[in-house]
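I have placed the structure first, in the form of C-alpha cells, so that the comments after it can refer back to it.
Just so it is clear, the structure is predicted and the values come from calculations on it, not from any experiment. Heavy atoms only: backbone and side chains are in, while hydrogens, waters and symmetry mates are out. In this chain, numbering begins with 1 at the start of the sequence shown.
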Amino acid sequence: MGSRKVHLFMSLRRFFLLDILAVVAAALLLVGCADKPLQYVRVEGQMLGTFMQVQARTDRPSAEIYAMMMQIDSASKASMSIFDENSLLSRLNRNETDQLDEHIIHCLGLSRRVSEQSEGAYDVTVAPLVTAYGFAGKDREAKVNVDSILEFVGIDKLTISEGRLRKADERVQIDFNSIAKGYVVDMAAEALEQLGVEDYLVDIGGEVRCRGVNPKGGAWRVGVETPFDGNDTPGAFIEQVISLSNCSMATSGNYRRYYLDAEGRKVAHTIDPRTGRSAVTNMLSATVIAPTCAEADAYGTMFMALGVERAIEVARGLSGQGVMVFFITAGQRDEYEMYYSKGLETALGKVEGLRVIE
C-alpha cells in the first residue's frame, strides 16, 4: 500500500472515530454532566454476539463509554458481519456491490500480509468452506466437496482498485471472523484514546487491548484458558496469567467450536485453506501478543492452521515485529506442553517446565 493510500485510509479512520464520538457527545448533551476527576469506570455488555468489558480511567460517565461501544458494534456489524444478510460484506459476497468501506479495506490488507507470511495457511476467502462445514450459522453439508470449493478459495483472487473489489472468480467469498473481532477491539481502544484515556483495557470475547496501568497501578493481568474439549465457560479454567501493557492479546483454539462427524472424527472451526479441511493438530491453543488486536487475532488463527513445528518457526521470524506467543500443545499421556516467546518471560505468571522460543 503506497504512502498516499495509507494517509487516505488513516484519514478515513480518524473521520470514522470522530463521527462516533460526535454522535455519542450529542446524545449526552441532553443529559449533561459536570467536570469530574479521573477515575476508573467499568462498562459491560454484549458486542459481536459475545461479552464486552471495558475498564478505563476517565472523567467521562460510564453511559458515554457504553454508548460509544454500542455505536462501534452497530457500525462493525453493518460492515463486516457474515451473519447479517444486509451487511456490506454479505452483499459483496453475493456480488450485489463491489464498493468497499475503510474497515474492509484495512482487514483485507492485513489479511493479505498474514496470508503471505503463512504461505497460504491463513486466508479469509475460506468462507465457502466455513459455510459447508456448518460454522457460518447454517446447516453443514452432508458431504463437503473440498476439491470443487478450493477452485475459488485464495486471497490472490481478490484485488482492490479505487475502493472497489475485483474478483477473479465471482464465487469467491470473504469471512472476517478470524480478524474482525480484533479489529473492533482496536477501534474501541482508539476511540477511548480520542477521548484522552491513557489507562484502559478493552475485552471483547477474550480478545483484549490495553494501555497504561490497572486500578491498582500495575500491569493489566489477562488469563489464558485451559484448552480442553468442553470448556464452554469463559474464565472458569485459567492455565496461565500474562501481565500486559500497551499491547493486544488474542487466543485461538479448537476446544469450543467443533463437532464430531458421522465417523466420529473431530471437525474444528479452524479450516486450513491449503487443504480445505479442518486443521486438527497437536496445537490446542495459540495466544498471540501483538501491537494491534487485529494482528493478534489473525496470527492466532494462522498458528492454529500451521501446526506446532511450523508455528514455532514462524513465531521466531515474527519476534522482530513485536509479536510474541504462548502455545499450549497436546503432549503425552494427556499432559500439556507449553511454549512461550523469550520476550514474554517476565510477563508470565509461571515459566517452570515451559519451553522457551528464542
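- For Glu198, there are no salt bridge (Lys or Arg N to Asp or Glu O under 4.0 Å) partners, not counting sequence neighbours.
- Annotation: ring pair (Phe, Tyr, Trp, His ring centres under 6.0 Å) contacts of Phe326 (sequence neighbours excluded): none.
- The shortest side-chain heavy-atom distance between His103 and Met187 falls under the 4.5 Å cut-off.
- Remark: the Ser74 side chain and the Gln71 side chain contain no N/O donor-acceptor pair separated by less than 3.5 Å.
- Results of the ring pair (Phe, Tyr, Trp, His ring centres under 6.0 Å) test with Phe327 over Tyr339, Phe303, Tyr336 single out Phe303 as the only residue that passes.
- A side-chain N or O of Glu345 and one of Tyr340 form a donor-acceptor pair less than 3.5 Å apart.
- Arg310 has its side chain within reach of Glu119: a pair of non-hydrogen atoms, C-beta onward, lies under 4.5 Å apart.
- Taking 4.5 Å as the limit, some side-chain heavy atom of Val43 sits within range of a side-chain heavy atom of Met52.
- Arg91 is not listed as a side-chain neighbour of Glu85, based on a closest heavy-atom distance of 4.5 Å or more.
- Looking at Asp297, its side chain does come within 3.5 Å of a backbone N or O of Gly182 through a donor-acceptor pair.
- Donor-acceptor pairing under 3.5 Å is recorded for the side chains of Ser90 and Ser87.
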**OP:** Give the C-alpha distance, both sets of side-chain angles, the deciding distance and a yes or no for side chain to side chain donor-acceptor pair (under 3.5 Å) between Thr329 and Asn282.
**Re:** CA-CA 5 Å; Thr329 71; Asn282 286 342; over 6 Å; no
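- Gln240 is not listed as a side-chain neighbour of Val222, based on a closest heavy-atom distance of 4.5 Å or more.
- Remark: Asp203 pairs with no residue by the salt bridge (Lys or Arg N to Asp or Glu O under 4.0 Å) rule, at least two apart or across chains.
- Between Thr287 and Val325, every side-chain heavy-atom pair lies at or beyond the 4.5 Å cut-off.
- Counting only distance, with no hydrogens or angles, the side chain of Trp220 and the backbone of Leu201 share no donor-acceptor pair below 3.5 Å.
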